Amino acid sequence: MKDKLHELGARAREEMAEAGSPEELDEIRIRFLGKKGELTRILRGMGGLSAEERPRVGKMANEIRAAIEKELTAKSAILKKLIKEQMLHNEKIDVTLPGTVVWRGGRHPLNIVLEEIENIFLGLGYTIAEGPEIETDYYNFEALNLPKDHPARDMQDTFFISNEILLRTQTSPVQVRTMEKTAPKLPVKIIAPGKVYRRDDDATHSPMFNQVEGLAVDQRITFSDLKGTLAYFAREMFGKKTKTRFRPSYFPFTEPSAEVDVSCVICGGTGCRVCSHTGWLEILGAGMVHPRVLEVSGYNSEDVTGFAFGMGIERITMLKYGIDDMRLLFENDLRFLQQF
Amino acid sequence: MLVSYKWLQEFVEIDISPRELADRLTLAGVTVEGVKEVGAGVSKVLTGKIEAINRHPNADKLVITTVDVGTEKLQIITAATNVNVGDIIPVAVEGAKLASGLVIKRAKLRGVESRGMMCSGQELGIDPKTMSTEQAEGIMILPPTTPIGKDAKEILGLDDYILELDLTPNRGDCLSIIGVAREIAALLGRPFSPPQPTLRELEERIDEQVNVDIADPDLCHRFVGRLIKNVQVASSPLWMQQRLRAAGMRPINNIVDVTNYVMLELGQPMHAFDYNLLQDGHIIVRRVRAGEKIVTLDGVERALTPGMLAITDPSGPIAIAGVMGGQATEVTEKTNSILLESAFFNPISVRRTSKALGLRSEASLRFEKGIDIGGCARAADRAAQLIVEMGCGEAVAGRVDKLPEKIKERVIQFRPSRASYVLGVDIAGEIARDILTSLQFKVRDGGEDLLVTVPTHRSDVSLEVDLIEEVARMYGYDKAPVTLPSGGVSGGTKTREQIYTAHAGNELAAGGFFEVMTYSFVHPRVFDLMNLPIDSPYRNTLKLQNPLSEEHGVMRTMLLPCLMEVLVRNHNRRVQNGAIFEVGRVFVNRGLDTQPEEKTTLAAAAMGCTPGSWNVSPTAYDYYHLKGVLENLFTVLHTVPVKFRPESANPSFHPGRTAVLEAGGRRLGILGELHPDVLENYDLPVKVTAFELDFDRLLALSGRPADFIPLPKYPAIERDLAILVKKDILADHILATIKKAGGKLLNAVSLFDIYRGEQVPEGMQSMAFSLLFQASDRTLTDAEAVEKTSAVAEALAKKFGAELRS
Ligand SMILES: [Zn+2]
C-alpha cells in the first residue's frame with residue numbers, strides 16, 4: 001500500500017510538471033485527489049491494514065495529498081503568470097501609429113492674441129468696452145480734437161456712408177463714448193478692442209483691421225504711469241526681457257503724444273530684417289488725453305488727467321507668429337488657420 | 001521731406017554724424033526714416049574737358065575722345081551721342097567706382113585703348129526722377145565755368161547725406177531746412193543762425209509799379225511782393241540744382257529754381273509771375289466768381305468754384321492761391337521782369353481748394369499745415385538776394401507788404417508745477433525756460449510761472465499742454481520714471497456677454513470648427529448668389545460712398561455669404577473638407593444719416609466631411625452633425641430650450657433639410673443644407689450645411705444654468721420600444737407623446753435606431769426607443785414599467801397609428 005501511495009505521488013508530480021494549462025491541472029486534481037480519485041480508491045483498501053499500520057498509512061496519505069495540493073497551487077500560479085504574459089505579448093500594439101483623430105477646430109489667431117491682450121489688462125483692473133463700428137463724424141473725429149478740414153485727417157483715409165456717417169478709422173471713439181457715460185465718476189479704466197476700417201490694401205495694410213484702445217482717467221494719472229503701464233504690457237506680451245522706448249509723436253487727441261517701440265522680438269535688439277536693423281519695433285501709439293477731449297467728454301481737464309493708447313492686433317499677431325503678409329489673416333485658408 | 005545734411009550745416013554747426021543726428025531727431029519727435037549717402041560708393045570721378053572727338057576705325061557707334069582731366073589727357077572711347085568738343089563732363093578714371101558698384105579699368109574697345117569713362121547722372125547716384133530725360137539718359141554736361149581736374153562728387157555736391165523725415169502733420173515748421181536746423185540747434189545746444197538776406201537794389205521803387213489789394217482778408221492774411229527786372233532765364237548753378245535734387249525736386253530754370261529753393265530752405269512757398277503779362281501791375285487777391293476758369297501751369301484748364309481763393313489781375317484769375325500758378329503769366333525764356341509772391345493763405349481754404357481740384361503740390365502741402373506768417377518778407381528778400389547774387393536779375397527797391405491784420409502775439413502761461421503733475425517728473429522752471437528759449441520761444445517771468453510767447457513759425461502750439469509736450473520731448477521721454485497709476489488696483493472683469501462669447505468660440509473650436517475673420521463689406525452681388533428675392537430685407541444694405549472696389553461695396557447684412565466665399569476659396573485651393581465659423585457684426589440700414597443697428601451674428605458652415613484616418617472613417621458634415629454641434633453649444637451656454645421647426649420656404653436653403661431655430665418664443669436663426677441653386681451659383685461642387693444665429697439674442701437667452709437634480713437613490717428599469725410609423729411624422733412630436741404618456745416615472749427617452757428598408761413597408765419607418773423608468777421614492781416593479789410602456793405604445797397608436805414591433 002505504501003508503495004502504491006509513493007507511486008501515485010510520483011506519477012502526480014510527473015503529470016503536474018507536464019501540465020500546460022489550468023484546465024489540465026484541474027483534471028489532474030480531480031483524477032488524483034477527487035472523491036472518486038485514485039487516492040480515495042487506494043485508501044479504500046485501508047480496511048485490510050493492521051491497527052498499527054493504519055494511522056501511519058493515513059498520515060502518509062495526508063502528506064502525499066498535501067504535497068500534491070501544494071504543488072498544484074504553485075504550478076497553477078506559474079501557469080497563470082505565463083498565460084498573462086502570453087496575453088500581454090499578443091496584445092502588443094504599434095504605439096507609434098497616429099492617435100485616433102479627435103477632430104477639433106481652432107480660434108482665429110487674431111482672437112487668440114486679442115484674448116492675451118485682454119487678460120493682461122483685466123489683471124491691471126481694466127474692463128472691456130465696446131462701441132459701434134459705423135460711427136458718426138463727431139465721435140470718430142470731432143470729439144477727438146480733429147475738426148473738419150484738419151490736415152491730420154489725412155493720416156486716416158476714411159470710408160464714408162454719408163457726410164456724417166462713416167466706418168470708424170480707430171477705436172478711439174469708444175474713449176469718448178465711455179467717458180460721456182461715466183463722467184463725472186472716476187476712475188475710468190477700459191480697453192476697447194474692435195474692428196476699424198481704412199482705405200488701404202497691400203501687404204502691410206488691410207481695409208479692415210483690429211485695434212485695441214486703452215484709456216485710464218483719474219486724478220493724478222501721469223505720463224510716467226503711461227510708461228509704466230505699457231512697459232508692463234510689453235513684458236507680459238513679449239517676454240520679461242522686452243524693453244520699451246517712447247518717442248515723441250503726434251495724435252490730435254493726446255498731448256503729449258508718443259510712439260512706443262519694443263525691443264525687437266526677433267533679434268532681441270541687435271538688429272535684423274524684421275526691425276529694419278534698428279533693434280526696435282513700433283507697436284503702439286499713446287499719450288496723455290488731450291484736455292479738449294476730456295472737456296467734451298464731461299471732465300474738468302484741470303482736475304483730471306488720463307492716458308490713452310492704441311495698438312494694432314494684426315501687427316502684434318504677425319510679430320508673434322512671424323507672419324509676413326497681413327492678407328493671410330483675412331484669407332482664412334484652412335491650412336493657415338490649422339497652425340494656431 | 002528730404003533734408004540735406006550739408007544744407008543744414010549752413011544754419012547750425014553739427015558735430016555728430018548724420019546717423020547719430022537721425023537718432024537724436026527721432027527721439028525728439030522729428031522722425032528720421034532713413035539716412036542716405038548721395039554719392040554712395042562713388043570715387044575717383046573727376047571733372048574733365050573734351051578736347052577732341054574722332055571716329056573709331058573699327059566701330060560706327062563708338063568715338064575716340066581726348067579728355068583733359070587736369071593732370072593728364074586721357075583717351076576715352078564712348079558711345080555717348082550728346083557730347084561735343086569743349087564740354088565739361090564727369091570722368092571716371094582708372095580705379096574709379098560708380099554708384100552701381102562698377103569699377104573702371106583700362107580696357108581695349110574694338111582694338112583701341114580706353115582709359116576711363118564719361119558718366120551720366122545716374123551713374124553718379126543721382127535720382128533719375130530729378131533730372132530731365134536727356135540728363136538722365138546721356139552724359140552729364142557740366143556748366144562751362146566748371147573747373148577741370150576736380151573731384152566731381154564735391155563739385156556736384158554728392159558728398160552729402162540725405163535725411164528722410166517722416167513728419168507728423170502738426171510739424172509744418174519742419175517742412176524747411178531752417179525748421180529742422182532750429183530743432184537741431186536746440187537739441188545740440190548750438191547757436192542757430194537763419195539767413196538774414198541783404199541785397200543790392202535798383203533806384204526805382206516797387207510801389208510805383210505794383211499795386212496789391214487783398215479783397216478777402218479772411219483767406220489771405222499777408223501778401224508780400226518783390227519786383228525783379230532785367231531777368232535772364234537760364235539754368236541755375238550746379239550747387240542749387242544739386243540742392244533741389246537732394247530734396248527730390250527737378251531743376252527747371254534759375255527763376256523757378258530760386259522759388260523752390262527758398263521754399264525748401266525757409267518753408268515759404270513762392271511764386272513768380274511774368275510782370276509784363278500782369279494787367280496794370282495790379283494784383284487783387286479775392287474769392288473766385290461764378291464761371292471763372294484758369295489754365296494752370298500743367299496745361300490743364302480748370303473750372304474754379306466760387307469760394308476758392310485766387311490771385312487775379314483786372315483781367316481775371318492768374319493763379320489759384322497756394323495751389324498752383326497760371327500758364328498765362330508763367331515765367332518763360334522771354335520773361336524780362338518778374339513779380340515774386342510770398343504770401344500767407346488760410347490753411348483750410350488751401351486744403352479745401354486743393355482737395356476739390358485734386359491738386360496737391362509742395363506749396364499746398366505747406367500752406368495747409370500753416371506756414372510762418374512772420375517769415376513772408378524775409379523769404380521774398382531771400383529769393384531776390386539769390387537772383388541778384390546769381391546775376392540773373394536786378395531787384396527793384398522795396399517790397400509790397402499787405403498785412404490786413406496785425407500778427408497776433410500768442411502768450412501762454414506755463415506752470416512748471418502743472419508740467420510736473422502731467423509728466424510725473426519734477427520739471428524745474430529753469431529747465432523749461434532753457435528748452436523753450438532754445439526753440440525760439442520768448443520766455444518772461446510771471447511769478448512762479450513762465451509767460452511764453454509762441455513764435456510765428458509754431459502755429460501748432462496754442463495751449464499750455466502743447467508747451468508741456470515741447471519741454472517733455474526735448475527733456476527726453478526716457479527721463480520720465482516708469483510707474484503704475486496709484487490708487488487701488490482691483491482686477492477687471494469681463495461682462496457675462498463677454499465671457500459667454502469666449503465660451504461660444506471655444507466650444508465651436510472644440511467641435512471641429514475653425515474661426516475665420518472676414519471683411520464687413522461685401523459685393524452687392526452676394527444676395528443674388530444666395531438666391532434671395534428682390535424684396536428681401538437683407539438687400540437693404542448700407543452702401544459705401546468710396547469703396548475700394550465694388551467687391552467691397554456694401555456693408556454686410558448676413559454672415560453666410562462671407563463664409564461661402566471662404567469655403568469657395570479653400571475649395572479652389574484643393575482644401576475640400578472643412579468647417580468654419582465667425583462671430584461678427586451685421587449692419588441693419590436705418591437710413592443714410594443715422595447709424596445702423598449693429599447686430600452680432602454667429603454663423604458656421606461646413607463642406608465635405610470630417611477627416612478620416614487609419615482607424616476612423618470620415619463622417620459627412622450634414623444637418624445632424626451641425627445640429628449636434630449646436631446642441632452642445634446650447635448646453636455650454638446654458639441656453640433655454642431651443643426648438644427646431646422645419647423650414648421649407650427659405651430660398652437659400654434646401655426645402656426639406658432646413659430648420660428655423662426658436663427659443664423663448666423668438667426666432668434665433670436658421671440651420672440647414674444650402675440649396676443646390678446656391679451651390680451652383682458659387683460653383684461649389686460639394687454639399688454645404690450651415691447655420692446663422694442672432695448672437696445677441698442667443699446670449700440673452702443663455703447663461704442661467706438649470707438647477708442640480710439629485711442623483712437617483714432607487715434602481716431604474718430600462719425598456720425598449722420599437723414602433724412602425726409613417727416617415728413624415730416628426731420625431732419631436734413622437735417624443736413629446738412618449739414623454740406625456742410615460743408620465744412622471746419616465747425619467748429619460750432616447751431614440752437609438754431608425755430603420756427604413758426591405759422589412760418595412762413603403763412610406764413607413766421603424767423607430768426604436770429606449771425608455772428609462774425610475775421613481776425617486778421607491779424601487780419600481782417590473783409590472784409598473786410594463787404597464788407604463790404599454791400606455792406609451794397605446795398613446796402612439798392612437799395619435800400616429802403607430803404599430804408595435806416585436
Ligand atoms: Zn530685429
Side-chain angles (χ1 to χ4, degrees), chain A residues 97-98 100-101 103-108 110-111 121-128 132-134 136 149 151-152 154-155 159-162 164-165 195 199 201 207-208 216 218 220-225 227-229 231 246-250 255-256 258 288 291 305 330-335 337, chain B residues 26-29 168-170 348 351-352 368-369 422-425 465-466 468-469 472-473 477 480-485 487 489-492 494 498 505 509-510 512-517 519-520 542 544-546 548 566 570 573 575 578-579 585 587 592-593 595-596 598 610-611 613 615-616:
Chain A
L97 275 173
T100 300
V101 177
W103 186 234
R104 57 161 299 128
R107 303 299 306 266
H108 194 280
L110 290 171
N111 282 336
F121 285 104
L122 284 167
L124 285 174
Y126 289 70
T127 53
I128 302 170
E133 289 174 24
I134 299 192
T136 59
D149 297 309
D154 287 351
M155 290 164 90
F159 286 114
F160 285 98
I161 300 285
S162 66
E164 293 300 321
I165 308 289
K195 289 177 182 147
R199 282 193 89 242
D201 198 6
M208 181 189 89
D218 204 348
R220 295 214 148 265
I221 292 250
T222 67
F223 185 75
S224 300
D225 295 337
K227 281 185 69 178
T229 300
F246 283 65
R247 283 184 286 114
S249 188
Y250 168 75
E255 188 88 10
M288 300 302 290
T305 49
F330 298 101
E331 275 178 4
N332 300 299
D333 189 310
L334 282 160
R335 293 164 299 181
L337 297 174
Chain B
T26 298
L27 288 176
T168 53
N170 58 323
I348 292 176
R351 182 174 160 83
R352 281 189 187 154
E368 64 177 60
K369 292 194 169 135
V422 169
L423 299 174
V425 58
V465 71
D466 297 328
I468 293 176
E469 179 174 68
R473 74 183 179 89
Y477 278 8
V482 176
T483 56
L484 284 176
V489 171
S490 55
K494 284 188 176 182
Q498 288 160 352
F513 286 67
F514 284 97
E515 186 175 30
V516 299
M517 194 174 286
Y519 288 153
S520 306
L542 279 171
L544 295 182
Q545 272 185 354
N546 54 341
L548 277 174
V566 172
N570 275 283
R573 294 175 176 184
V575 183
R585 294 193 191 168
F587 303 87
L592 269 190
D593 293 319
Q595 286 170 271
E598 297 187 12
T610 63
S613 179
N615 62 345
V616 178

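Below, read A as the first sequence line, B as the second, and so on, with proteins coming before strands; counting in each chain starts at 1. What you are looking at is a predicted structure, and each value in this text was computed from that prediction instead of being measured.
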side-chain contact (heavy atoms from CB on, under 4.5 Å) assessment of B/E515 paired with A/L337: CA-CA 8 Å; B/E515 186 175 30; A/L337 297 174; over 6 Å; no
Among B/I468, B/V616, B/V422, which residue has the highest count of heavy-atom pairs closer than 4.5 Å to chain A?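 Ranked by heavy-atom pairs under 4.5 Å with chain A, first place is B/V422.
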Where is the tightest heavy-atom contact between [X] and [Y], given as atom of each residue plus distance?
X      : Y      : answer
B/E469 : A/P256 : OE2-CA, 3.1 Å
B/M517 : A/H108 : N-CD2, 3.5 Å
A/P132 : B/R585 : CA-NH1, 3.6 Å
A/P248 : B/A28  : CG-C, 3.5 Å
B/F514 : A/R104 : CZ-O, 3.8 Å

Residue [X] versus chain A: region with a heavy atom under 4.5 Å:
X      : value
B/Q498 : side chain
B/R573 : both
B/F513 : backbone
B/V575 : side chain

Contact leader toward chain B among A/P207, A/S162, A/G106, where contacts are heavy-atom pairs under 4.5 Å: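 Between A/P207, A/S162, A/G106, the count favours A/G106.
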Who wins among A/I128, A/T229, A/T305, A/V101 for the most heavy-atom pairs under 4.5 Å with chain B?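 Ranked by heavy-atom pairs under 4.5 Å with chain B, first place is A/I128.
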Toward chain B, the part of [X] with a non-hydrogen atom under 4.5 Å:
X      : value
A/I165 : side chain
A/E164 : neither
A/L110 : side chain
A/P291 : side chain
A/A152 : both

Please walk me through it: do A/T222 and B/L423 pass side-chain contact (heavy atoms from CB on, under 4.5 Å)? CA-CA 5 Å; A/T222 67; B/L423 299 174; over 6 Å; no
Could you go through the side-chain contact (heavy atoms from CB on, under 4.5 Å) check for B/L548 and A/R199 one step at a time? CA-CA 7 Å; B/L548 277 174; A/R199 282 193 89 242; 4.2 Å; yes
By salt bridge (charged side-chain N to carboxylate O under 4.0 Å, His left out) - contacts of A/D149 (at least two apart):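 Counting only residues at least two positions away or on another chain, A/D149 forms a salt bridge (charged side-chain N to carboxylate O under 4.0 Å, His left out) with B/R352.
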Using side-chain contact (heavy atoms from CB on, under 4.5 Å), reason through A/F160 and B/L544 one step at a time and then give a plain yes or no. CA-CA 6 Å; A/F160 285 98; B/L544 295 182; over 6 Å; no
Do any N or O atoms from the side chain of B/N615 and from the backbone of A/P98 form a donor-acceptor pair under 3.5 angstrom?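 Looks like no, no N/O pair under 3.5 Å.
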